[in-house]
Amino acid sequence: MTVADANLDEHTDRGPLGRDELAGVVARDIRPGWYVNLGIGQPTLVANHLAPDSGVTLHTENGMLGMGPLASGDAVDLDLLNAGKEPVTELPGAAYFHHADSFAMMRGGHLDLCVLGAFQVSATGDLANWHTGDPDAVPAVGGAMDLAVGARQVFVMMSLFTKAGTAKLVPSCSYPLTALRCVDRVYTDVATFEITARAVVVRETWGLSYDELCTRVEVPLVRGYP
Amino acid sequence: MTVADANLDEHTDRGPLGRDELAGVVARDIRPGWYVNLGIGQPTLVANHLAPDSGVTLHTENGMLGMGPLASGDAVDLDLLNAGKEPVTELPGAAYFHHADSFAMMRGGHLDLCVLGAFQVSATGDLANWHTGDPDAVPAVGGAMDLAVGARQVFVMMSLFTKAGTAKLVPSCSYPLTALRCVDRVYTDVATFEITARAVVVRETWGLSYDELCTRVEVPLVRGYP
Amino acid sequence: MSVVCDSADEAVAGVADGSTVLVGGFGMAGMPVHLIDALIRQGATDLTVVSNNAGNADTGLAALLAAGRVRKILCSFPRQADSWVFDGLYRSGRIELEVVPQGNLAERMRAAGAGIGAFYCPTGVGTMLAEGKETREIGGRTYVLEYPIAGDVALIGAHVADRRGNLVYRKTGRNFGPVMATAATTTIAEVRHVVEVGDLDPEAVVTPGIYVDRVVRVPA
Amino acid sequence: MSVVCDSADEAVAGVADGSTVLVGGFGMAGMPVHLIDALIRQGATDLTVVSNNAGNADTGLAALLAAGRVRKILCSFPRQADSWVFDGLYRSGRIELEVVPQGNLAERMRAAGAGIGAFYCPTGVGTMLAEGKETREIGGRTYVLEYPIAGDVALIGAHVADRRGNLVYRKTGRNFGPVMATAATTTIAEVRHVVEVGDLDPEAVVTPGIYVDRVVRVPA
């Protein structure tokens with residue numbers, strides 16, 4: 001059963017979104033003409049849901065606008081990699097630039113959107129996605145801090161709950177931060193959230209109702225747009 | 001008569017250098033392989049004295065390395081100008097870049113030499129070459145401060161005396177400064193000077209002797225290299 | 001998603017009074033003369049202009065100044081043999097001038113485009129252009145703290161654009177264009193040729209289309 | 001004035017113990033593998049390496065680390081599936097690590113090359129990577145003060161060089177090369193093709209020869 005009030009869609013007649021379905025939900029919110037960086041891992045799946053005529057241009061921080069799909073077979077060119085170091089392709093209208101120019105583009109607020117994975121997102125949009133806080137872990141940040149700070153909008157994609165069942169949308173991050181107050185929206189397998197200056201707004205749920213969601217998340221939520 | 005002691009050439013058997021002769025004296029001290037910026041005005045004459053096979057590459061701050069001689073006739077291209085906005089030519093091996101990159105090149109200490117005109121140079125190498133201090137003058141600095149601060153070596157070309165007969169090599173500049181302690185050598189119509197951390201050394205004179213020079217300049221001088 | 005406009009007038013539509021306008025060009029190379037003329041017709045006033053010079057003779061930037069549209073100009077070299085329009089306004093106190101060393105002009109716009117909050121620069125230390133500015137010793141050298149210069153609008157000239165706004169320049173016409181394109185909210189380029197998406201070599205694109213909002217073809 | 005060397009060994013001759021070495025490449029794209037191998041043979045030790053990663057598998061940078069030549073590494077992402085050489089050295093305390101956000105790594109080297117003394121950067125504010133660093137509010141936003149990273153030597157990979165050292169890269173092989181070339185006292189490039197002076201399009205040169213001291217051709 002899908003209950004849609006003015007501003008909230010509750011899809012309780014089905015289970016949580018699969019990873020690919022979630023990528024499709026994110027893609028639905030990317031507008032024609034946007035310049036977008038898709039982070040390593042789950043966010044790269046979003047590209048599969050952007051139509052060739054979507055007018056969306058993909059940025060990869062290692063120096064390219066106009067990145068195409070992953071390369072295979074004869075199309076593999078080891079001079080043409082994405083940020084995850086996988087061989088990719090080049091679309092018409094592409095441009096190459098060096099690392100300082102690429103990060104100037106990000107830091108300067110020219111990308112309309114970046115989509116990132118996360119360990120935790122706080123109620124005020126703080127992001128933790130680079131370090132588990134494990135003192136034995138080798139720290140490695142890559143371009144995560146630059147992307148989170150620089151893009152005009154930051155969308156996070158993640159499963160809402162850890163394997164232990166704890167929500168990753170938290171009052172305050174316990175993991176080391178990537179950036180403060182940077183996340184605009186959180187797309188998860190069971191709900192999407194908009195983080196505004198005043199509240200965390202639930203836009204859509206899958207596999208559970210808004211009321212169930214509220215019981216499982218410690219962050220105060222708002223039902224649809226106020 | 002030319003009197004040459006160990007380190008000082010006194011050419012008293014002739015008059016002061018003409019402008020073109022002076023340019024030749026400067027050119028003589030530019031080494032093969034150097035990247036050089038020649039300032040607007042008198043310094044541009046130096047280019048005429050650099051042999052095509054000199055291995056010297058000219059920089060123009062409006063975004064080019066490998067600048068050739070002034071253009072004339074059919075070679076005039078209004079997209080190809082020097083810093084004085086005159087049409088110039090392009091030599092094999094040239095490269096174009098934008099203004100921020102061009103001044104990064106200068107400021108970052110990559111040019112071996114710039115040659116600039118001057119109103120005054122102080123005994124410690126302070127340079128005044130952009131403003132007469134006249135309160136009615138419209139101030140205009142261009143790239144002079146950037147060049148003076150950025151090049152590895154700064155050579156100044158000027159007549160040593162004003163029309164009123166006052167030396168422009170001074171204990172301390174009275175005109176507004178372009179940069180502090182930046183000048184390495186001063187090439188004038190009557191003498192060349194090396195400004196070292198400890199002294200102003202006279203290297204060569206034309207049309208007067210070292211002793212005469214000392215009487216006409218307020219700066220303490222040293223005879224040749226100590 | 002074409003950024004190509006039909007006319008220079010369409011390209012400059014909506015420039016607001018009080019805007020900061022970055023104007024490219026060094027000499028006539030890269031000078032967006034058609035866009036400046038269109039801006040005069042468009043009528044925006046009380047402008048702050050950032051450009052290397054302050055106009056020559058009676059056309060282009062000088063005509064914009066003569067029309068009384070410019071409240072303040074930031075430039076490195078206002079005084080030229082034919083800068084009589086600026087000179088007259090300046091001497092009669094009808095225009096405000098901030099002289100900026102040419103490299104600082106470029107680097108301050110680059111900082112705006114690159115999200116840098118401020119930077120320590122060695123240029124101008126100990127001179128009247130650094131008076132009142134904060135300084136700092138770093139590694140035994142003195143630097144001046146310089147802040148970004150951002151534009152509401154950039155008007156630049158380039159050689160070729162594709163329909164998505166990727167730009168290629170020609171020779172020293174490149175000058176301030178690529179930097180200004182990054183530093184303005186809205187970047188408008190006049191170009192001599194417009195080509196299809198895919199016609200430019202991706203290795204040779206100097207200004208990626210992400211920085212370019214509107215393009216208009218003008219007579220070569 | 002050719003900068004072309006006959007061999008990678010000749011190209012890396014004279015790198016001193018204790019040097020800071022900037023190593024280009026992102027993945028294998030732009031990675032100067034032949035120069036790194038030559039540096040291992042050359043023998044310089046007690047090095048500080050600046051590179052995006054900390055080596056993969058047992059070759060290239062990982063082999064330099066395994067040979068015990070690197071005292072400290074600055075990079076954005078040391079941990080990779082096959083970074084076992086680095087991991088082992090790090091966990092046993094035999095290498096020092098400074099993790100730098102990727103954009104700061106690039107911008108700090110750019111600052112070194114551009115003569116900027118330091119800059120205020122928004123990246124990393126409020127994170128453990130900014131702990132102990134000076135911060136400043138500018139226009140209502142918080143920035144961290146970041147200092148230049150200069151190299152004694154840069155080892156980079158490019159696609160084509162002319163004999164004067166003008167460089168052209170290929171696709172994402174460009175990455176850190178152009179920035180590192182500006183930031184090092186001595187820049188050494190391995191390239192797949194060497195052409196005569198005048199054979200490169202001056203509009204498409206990415207790294208002008210002024211930044212390049214030595215070039216060696218390596219098998220494509």
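Naming convention: chains lettered A, B, ... in sequence-line order (proteins, then strands); numbering from 1 in each chain. Quick caveat, the model's predicted, so the values are computed rather than measured.
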*May I ask you to decide if B:Pro92's main-chain N or O and D:Arg164's side chain share a donor-acceptor pair within less than 3.5 Å?*
yes
When every non-hydrogen atom of D:Asn166 is compared with those of B:Ala95, the smallest separation belongs to OD1-CB, 4.2 Å
Has D:Arg136 got more than 12 heavy atoms of other residues, nucleotides or ligands less than 6.0 Å from its CZ? yes
The interface call for B:Met105 against chain D, heavy-atom contacts under 4.5 Å, is both
Is it true that, when you exclude B:Arg198 itself, more than 12 heavy atoms of the residues, nucleotides or ligands shown sit nearer than 6.0 Å to its CZ? no
Residues B:Leu65 and D:Pro208: closest non-hydrogen pair is CD1-CB, 3.6 Å
### Task
Keeping the roles fixed (side chain from B:Arg107, backbone from D:Gly115), state whether a donor-acceptor pair exists under 3.5 Å.
no
For this session: Answer yes or no: are there more than 12 heavy-atom neighbours, outside D:Glu134 itself, under 6.0 Å from its atom CD?
Result: yes
Heavy-atom closest pair (D:Pro202 atom, B:Glu90 atom, distance to 0.1 Å) is CG-OE2, 3.4 Å
Ranked by heavy-atom pairs below 4.5 Å to chain B, first place among D:Asp201, D:Thr182, D:Asp162 goes to D:Thr182
| request: Could you tell me whether D:Arg217 atom CZ has more than 12 heavy atoms of other residues or ligands within 6.0 Å of it? | output: no
Okay, D:Arg163 and chain B: the region with an atom under 4.5 Å from a heavy atom over there is neither
Heavy-atom closest pair (B:His110 atom, D:Ile210 atom, distance to 0.1 Å) is O-CD1, 3.4 Å
Quiz prompt | Heavy atoms of other groups near D:Arg192 CZ, more than 12 under 6.0 Å | solution = yes
If one checks every heavy atom of B:Leu111 against chain D at 4.5 Å, the contacting part turns out to be both
